[in-house]
Asker: 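Submitted below is the structure of interest, expressed as structure tokens.
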Amino acid sequence: MHDLLDVAYGRRPADTIIANGVLVNVLTGETYPAEIGISGDRIAAVGPSLERGPSTRIIDARGGYLVPGLIDGHLHIECSKLSVTSFANLAVPFGTTSVVSGLDQILVAEGLPGVRQALDEAAATSMRIWWGAPAKAPYTVPQSTVGHTFGPDEHRVAHEWPECVGIWETVQEMVEHGDPAVMEALELAHRRRLPIFGCAPLSDPRRIAGLAAAGIRLDHESYSHEEMLEKLRQGIYAIIRESSVAHFLQENIQVVAKVGARRVAFCTDDVHAADVLAGGHMDKLVRMAIKAGVDPVTAIQMATVNCAEMYRIDDLVGSIAPGRFADVLIVDSLNDFIIREVVAGGRLVARDGAMVTPAVPPARGEVRPFPVREITADDLALRSDAAEVTVLTLNFTEQVFVRKRRDVRLPVVGGIVEPSVADDALLVTVVERYGKTGNMPVAMVSGMGLRKGAIATSAAPDDNNIICVGASRSDMALAVNAVSAMGGGQVIVVDGAVVESLPLPVAGIVSDLPAAEMAVLEERLDEVARSLGCTLPAPLMYLFFLSITAIPDYAVTDLGLVDCVRLEVIDPILTEA
């Protein structure tokens, strides 16, 4: 602090000065020439001409615009299947220097010690993680089986951590129905003045009013601009989501034209490595907003200070002002918004789309198989004593990730309801991976288009059990066994052989692979799935979202088929004849 103040008051020269740049002052909306004086990893002074010393390092902006580091307002890092280090090496060159994340997949797999390791890992990179402690984990209702749960007792510990900035992913059903653990977590948050982050997709005015009354400060889950506007009208900050699969920016940016951007920010939520490499990360959202007619400075404010203010971290990030971390981007044109250079913590860390020196992942422990017994086709049978049955299938719709009811009449052969490609009725199972219950219920899914084989993944929020969909029970059993044996990953099996696989050895959900290598393997998996008939935009991502009970109307967890409206496990066989 003393060194910072000495530079701020002009009592000693800055350690580093970013010179010859045009400041984008997101606090006032102005742009003007300025220099940035840095002490250690913080901004000490911003002015027209700052004092230099013999050891002052100069970063020459060469006439470029000086923009605050971008903030992803809601990101599941683990959904990229990249470790914290690998994701930082991917995102930072595109200008993302801060992310708000719950690390919830790491949490349910490895507990608070795993989250602590991830936060410490982030501290060795150029990307800051502002951690939201999940309202409750897992988020599934009824609660599925996980390695570690997270409730009020864990909140009391987590709220003391300096990285904890609020309560993450407060699912609207848990608030509406008064889940006792969530209500206690919210009370703990209110006492500490921690903001509460909502998760309210497809919400109506009545439910939005309830969320606002409960103290929900912000939400990232609006499927329409009307829904987002209603949340803003009732006092909830809105975050526009544009993920690799959930494309809502074009729809929700209409709100900015109507009421302005003061209470609106951006997030990506879930991204593929290939998409970021091809089009950018938060910088891409800024460009999309500008193309949609938003003023460039306003778009930058949405990706920086607006988000920081929502999360009450604007004293540390989100603007170029004294006391904030020295996270600064240099861009040549605000309209094009291509990141030329990235300064993070006062150091030049990326240039022209690449890290100057990539961060190195920490040493990992030995990879161990999941404690799951080897399963057979007989374990994955949907059984009935009838001659034929009507089965409820989870049917994918045109709305991203949304599953509706579809009834299919199927014959029963030898007491087993087999999958039917002709009737678009595939089997789905969720195999409990933590060695606690051995659950592996079977249900049915439609709308994937798979004609043969099986696909499986252990990267699967919210509980990261093994999800498998297939047209063959024997292929499904092999796929589950393969994922279990490698200690986590994704596989595709056809005619009794593993034809493609992606090991995910870190907690069974992520990998230290560089993003470019991950992108190649992801595309290979999706290409094989498409060759087998899968018609979904992102086959593996749609697969691992099947267990999320916060997305209507049906999901499947290790407890079985879940009615997400009635919040109960139901029998997939509706009638027997």
Side-chain angles (χ1 to χ4, degrees), residues 1-71 92 95 97-98 126 128 261-262 282-283 286 290 294-309 313-352 356:
M1 177 65 76
H2 291 297
D3 288 344
L4 179 66
L5 293 180
D6 282 345
V7 176
Y9 282 113
R11 294 191 289 253
R12 77 171 182 86
D15 298 329
T16 303
I17 289 177
I18 304 177
N20 300 321
V22 178
L23 178 71
V24 177
N25 192 322
V26 295
L27 300 170
T28 63
E30 301 171 280
T31 60
Y32 51 85
E35 295 186 341
I36 303 170
I38 299 168
S39 173
D41 61 358
R42 301 285 184 120
I43 297 169
V46 181
S49 182
L50 302 179
E51 182 181 351
R52 289 141 167 81
S55 61
T56 299
R57 295 181 298 272
I58 304 297
I59 298 175
D60 188 354
R62 292 177 286 144
Y65 289 91
L66 308 177
V67 175
L70 307 181
I71 307 170
V92 169
T97 55
S98 285
S126 301
R128 307 180 197 286
R262 189 176 70 84
M282 295 304 296
D283 59 321
V286 172
I290 294 170
V294 176
D295 175 77
V297 173
T298 301
I300 292 167
Q301 288 172 321
M302 293 170 70
T304 57
V305 68
N306 288 15
C307 191
E309 288 177 351
I313 54 176
D314 53 302
D315 59 324
L316 297 172
V317 292
S319 62
I320 297 173
R324 279 69 172 177
F325 285 110
D327 300 340
V328 180
L329 315 180
I330 302 174
V331 302
D332 291 321
S333 165
L334 295 187
N335 287 311
D336 295 340
F337 204 70
I338 303 299
I339 312 300
R340 188 217 303 164
E341 290 168 307
V342 179
V343 175
R347 297 182 301 111
L348 182 64
V349 297
R351 178 184 289 117
D352 297 330
V356 173

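FYI, the numbering just counts along the sequence from 1.
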Asker: Could you check Val349, Val317, Val343, Val342 and say which one makes a side-chain contact (heavy atoms from CB on, under 4.5 Å) with Thr97?
Answerer: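 Of Val349, Val317, Val343, Val342, side-chain contact (heavy atoms from CB on, under 4.5 Å) with Thr97 is met by Val342 alone.
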Asker: How many angstroms lie between atom OH of Tyr32 and atom CG of Leu23, to the nearest 0.5 angstrom?
Answerer: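 If I round to the nearest 0.5 Å, the distance is 4.5 Å.
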Asker: Quick one: CE on Met1 to CG on Asp6, what's the gap to the nearest 0.5 Å?
Answerer: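 It is 11.5 Å, given to the nearest 0.5 Å.
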Asker: Ignoring hydrogens and geometry, is there a side-chain-to-backbone donor-acceptor pair from Thr56 to Ala14 under 3.5 Å?
Answerer: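 Present.
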Asker: Hey, does Asp327 have a side-chain heavy atom less than 4.5 Å from the side chain of Arg128?
Answerer: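 A side-chain contact exists here, since the closest heavy-atom pair is under 4.5 Å.
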Asker: Please give me the minimum heavy-atom distance between Ala308 and Ile71, naming the atom from each residue.
Answerer: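 It is CB-CD1, 3.9 Å.
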Asker: With a 4.5 Å heavy-atom cut-off, do Val24 and Thr31 have their side chains touching?
Answerer: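 Side chain of Val24 against side chain of Thr31, heavy atoms only: contact under 4.5 Å found.
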Asker: Examine distances only and state if a side-chain atom of Arg340 and a backbone atom of Ala61 form a donor-acceptor pair shorter than 3.5 Å.
Answerer: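 Yes; judged by distance alone, with no hydrogens or angles, the pair exists.
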Asker: Show, in sequence, the C-alpha distance, side-chain angles and deciding distance for Val328 and Ile36, and conclude whether the side-chain contact (heavy atoms from CB on, under 4.5 Å) test is met.
Answerer: CA-CA 9 Å; Val328 180; Ile36 303 170; 4.0 Å; yes
Asker: For the pair Glu30 (side chain) and Asn25 (backbone), establish whether a donor and an acceptor sit closer than 3.5 Å, ignoring hydrogens and angles.
Answerer: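 The answer is no, because no donor-acceptor pair under 3.5 Å joins these two groups.
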Asker: Gly37 and Ile17: which non-hydrogen atoms are nearest, and at how many Å?
Answerer: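 Reported closest heavy-atom pair: CA-CG1, 4.3 Å.
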Asker: Taking OH in Tyr9 as the centre, count heavy atoms belonging to other residues, nucleotides or ligands within less than 6.0 Å. Is the count above 12?
Answerer: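 Atom OH in Tyr9 is not crowded, with 12 or fewer foreign heavy atoms closer than 6.0 Å.
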Asker: Report yes or no: does Arg62 contribute a side-chain atom to a donor-acceptor pair with the main-chain N or O of Asn20 at less than 3.5 Å?
Answerer: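 Checked: no pair found.
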Asker: When you measure from the side chain of Asp336 to the backbone N and O of Ile338, does any donor-acceptor pair fall under 3.5 Å?
Answerer: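 A pair under 3.5 Å: no.
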Asker: If you compare all heavy atoms of Val7 against all heavy atoms of Pro13, which two are closest, and at what distance to 0.1 Å?
Answerer: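 For Val7 versus Pro13, the nearest heavy atoms are CG2-O, 3.5 Å.
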Asker: Distance check, rounded to the nearest 0.5 Å: Ile313 atom CD1 versus Ser98 atom OG?
Answerer: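 Those atoms lie 6.0 Å apart.
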Asker: State, yes or no, whether a side-chain contact exists between Asp15 and Asp3 at a heavy-atom distance under 4.5 Å.
Answerer: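 Not in contact.
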Asker: Can you measure from CG (Asp60) to CD1 (Ile18) and round to the nearest 0.5 angstrom?
Answerer: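 These two atoms lie 11.0 Å from each other.
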Asker: Without swapping roles, check the side chain of Arg42 against the backbone of Gly323 for a donor-acceptor pair under 3.5 Å.
Answerer: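 Yes, Arg42 side chain to Gly323 backbone: donor-acceptor pair under 3.5 Å.
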Asker: At what distance, to the nearest 0.5 angstrom, does OH of Tyr65 lie from CD1 of Ile330?
Answerer: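 So the OH of Tyr65 and the CD1 of Ile330 are separated by 14.0 Å.
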Asker: Grab the two heavy atoms, one from Pro322 and one from Ala44, that are nearest each other, plus how far apart they are.
Answerer: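 Shortest heavy-atom separation between Pro322 and Ala44 comes out as CB-O, 3.6 Å.
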Asker: Please check this pair: side chain of Asn306 against backbone of Ala261, looking for a donor-acceptor N/O pair closer than 3.5 Å.
Answerer: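 Such a contact is found between Asn306 side chain and Ala261 backbone.
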Asker: Would you mind reporting whether Ile58 and Arg52 have side-chain heavy atoms less than 4.5 Å apart?
Answerer: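 Side-chain contact under 4.5 Å: yes.
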Asker: Give, for atom CD1 of Ile38 and atom CG of Leu4, the distance between the pair rounded to the nearest 0.5 Å.
Answerer: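 That separation rounds to 11.0 Å.
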Asker: For the residue pair Leu66 and Val22, establish whether any side-chain heavy-atom pair is separated by less than 4.5 Å.
Answerer: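 No, every pair of side-chain atoms sits at 4.5 Å or beyond.
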Asker: Answer yes or no: is there a side-chain heavy-atom contact under 4.5 Å between Arg11 and Leu5?
Answerer: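 In short, these two side chains touch, coming nearer than 4.5 Å.
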Asker: Identify the two heavy atoms, one from Ser319 and one from Arg324, that lie closest to each other, and give their separation to 0.1 Å.
Answerer: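 The answer is OG-NE, 3.5 Å.
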Asker: When you check the side-chain N and O atoms of Thr16 and Arg57, is any donor under 3.5 Å from an acceptor?
Answerer: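 A pair is found: one side chain offers a donor N or O, the other an acceptor, under 3.5 Å apart.
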Asker: Which pair of non-hydrogen atoms, one from Ile300 and one from Leu334, has the smallest distance, and what is that distance?
Answerer: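 Reported closest heavy-atom pair: CD1-CD2, 3.9 Å.
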Asker: Decide yes or no for Phe337 and Val67: does some side-chain heavy atom of the first lie under 4.5 Å from some side-chain heavy atom of the second?
Answerer: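 With C-beta onward as the side chain, the pair touches.
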